[in-house]
There are 2 protein chains.
Amino acid sequence: MDELESAAWLSLVGLTELLPPSLDAQLQTDAQLTHFEFQVLSTLRFAPEQTVQSKDLAASTNSTLPRLSHVVTRLEQRGLVRKLPCPTDRRATNVQLSDDGRRIVIRATGGHIDHVRRLVIDRLDRDELAALAKIGTTLNRALDPSDRFARHIRDAD
Amino acid sequence: MDELESAAWLSLVGLTELLPPSLDAQLQTDAQLTHFEFQVLSTLRFAPEQTVQSKDLAASTNSTLPRLSHVVTRLEQRGLVRKLPCPTDRRATNVQLSDDGRRIVIRATGGHIDHVRRLVIDRLDRDELAALAKIGTTLNRALDPSDRFARHIRDAD
DNA sequence: TCGACTTGGTTGTCGCTGCAACTAAGTTAG
DNA sequence: CTAACTTAGTTGCAGCGACAACCAAGTCGA
């Protein structure tokens with residue numbers, strides 16, 4: 001690897017190690033949510049009926065079904081979501097945002113966006129944002145060929 | 001957030017969620033190492049005497065001292081590193097790469113670099129690499145003002 | 001229509017990391 | 001010199017995520 005390749009790679013590794021803890025910390029102190037929980041709630045918030053089937057929720061949040069199952073169980077215990085049996089497929093469960101959950105996620109979103117702006121968006125100019133979007137898309141496609149991820153936060157983030 | 005900002009942000013979040021598992025998976029199957037363990041061993045490999053003090057090793061690998069302590073304990077049990085008392089400060093411990101550890105990390109490096117190339121480097125042109133390096137540096141500085149991270153893999157990665 | 005296979009989901013266990021508490025060694029002010 | 005403080009490191013516990021095993025429901029072929 002030459003200088004440029006190495007610099008690009010190291011900076012990318014740095015990002016993947018530093019960014020997630022920063023997001024978790026902000027959301028944890030401001031809203032008692034992990035970033036993953038926030039993603040789950042945000043996805044539900046913008047879904048029709050505030051309801052999404054577990055399998056699809058897992059795909060949207062780029063998680064596995066076991067992981068989601070655990071998290072949804074905890075969120076349900078906190079009263080932020082409900083689990084409903086799916087009427088058309090009795091194996092499936094639909095996850096629905098509760099009123100409490102809706103209030104929580106709405107209140108959390110503002111501060112989270114502020115944080116993302118201060119940390120990332122506002123530090124890059126338009127050209128850099130465009131470059132990042134393009135590079136990110138390319139690499140995400142390589143990392144996740146099924147490309148199921150991340151069509152969710154959209155209006156939230 | 002407008003379209004461009006949102007696209008950049010989502011692609012960045014995607015990267016931070018997809019890249020680390022990919023690195024861990026490759027290193028785990030090819031060398032029975034987590035990416036973090038690989039970083040530790042790589043750092044030691046290029047240090048004078050193959051030895052680094054725990055505190056500095058923690059800083060170089062962007063980890064906390066407790067985390068490093070646990071990992072070094074495991075690596076020592078596997079015979080890949082040694083813990084030596086520091087001669088000049090009796091509180092400190094120096095971590096040294098063993099011969100086995102050296103062989104392991106050297107054997108692991110080639111495959112790891114191949115993986116990184118296939119996944120990232122080879123998918124970007126020179127302009128994109130330069131943009132990524134610049135953006136990454138900017139954001140890393142925002143995320144980690146002390147900037148202690150990532151002066152290590154250098155020749156390895 | 002019945003057996004084999006697939007799909008949706010849950011549960012249990014294990015391993016790793018964060019955090020707080022703690023020990024030990026070094027440093028500094030009086 | 002010694003009491004207060006800081007620094008280096010370890011340990012124990014708790015929480016989360018991966019994985020495998022499992023159950024239940026749906027599908028499909030003969």
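Residue numbers begin at 1 in each chain, while the letters A, B, ... track the order of the sequences.
When rounded to the nearest whole Å, the span between CZ of B:Arg67 and P of C:dA20 equals 17 Å. With rounding to whole Å, A:Lys55 atom NZ is found 17 Å from C:dT6 atom P. Atom NE2 of B:His35 is separated from atom C1' of C:dC16 by 16 Å (rounded to the nearest Å).
Note on A:Glu5 versus B:Arg117: salt bridge recorded, some NZ/NE/NH1/NH2 to OD/OE distance being below 4.0 Å. Salt-bridge formation is detected for the pair A:Arg103/A:Asp100: a Lys NZ or Arg NE/NH1/NH2 atom is positioned less than 4.0 Å from an Asp or Glu carboxylate oxygen.
Note: A:Arg78 CZ to A:Ile104 CD1 = 7.5 Å, rounded to the nearest 0.5 Å.
Residues B:Arg91 and A:Asp89 both approach DNA chain C. Their nearest nucleotides, taken by heavy-atom distance, put A:Asp89 toward the 5′ side.
The local environment of CG in B:Asp99 is sparse, with at most 12 non-hydrogen atoms from other residues, nucleotides or ligands closer than 6.0 Å.
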side-chain contact (heavy atoms from CB on, under 4.5 Å) between B:Val95 and B:Val52, worked out: CA-CA 5 Å; B:Val95 182; B:Val52 179; 5.7 Å; no
field: Pair B:Leu33-B:Leu80, side-chain contact (heavy atoms from CB on, under 4.5 Å): steps then yes or no
entry: CA-CA 11 Å; B:Leu33 294 173; B:Leu80 306 187; 4.3 Å; yes
Are any protein N/O atoms closer than 3.5 Å to N/O atoms in nucleotides 10-15 of chain C? If there are, list each pair with its distance.
from: C:dT10; atom 1: OP2; to: A:Ser69; atom 2: OG; distance (Å): 3.0

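If you walk DNA chain D from 5' to 3' and mark each nucleotide with an atom closer than 4.0 Å to a heavy atom of chain A, the marks span D:dC16 to D:dG26.
A tilted orientation is assigned to the rings of A:His35 and A:His112, their planes being inclined by 30° to 60°.
Checked by atom type and distance alone, the side chain of A:Ser98 pairs as donor or acceptor with a backbone atom of A:Gly79 at under 3.5 Å.
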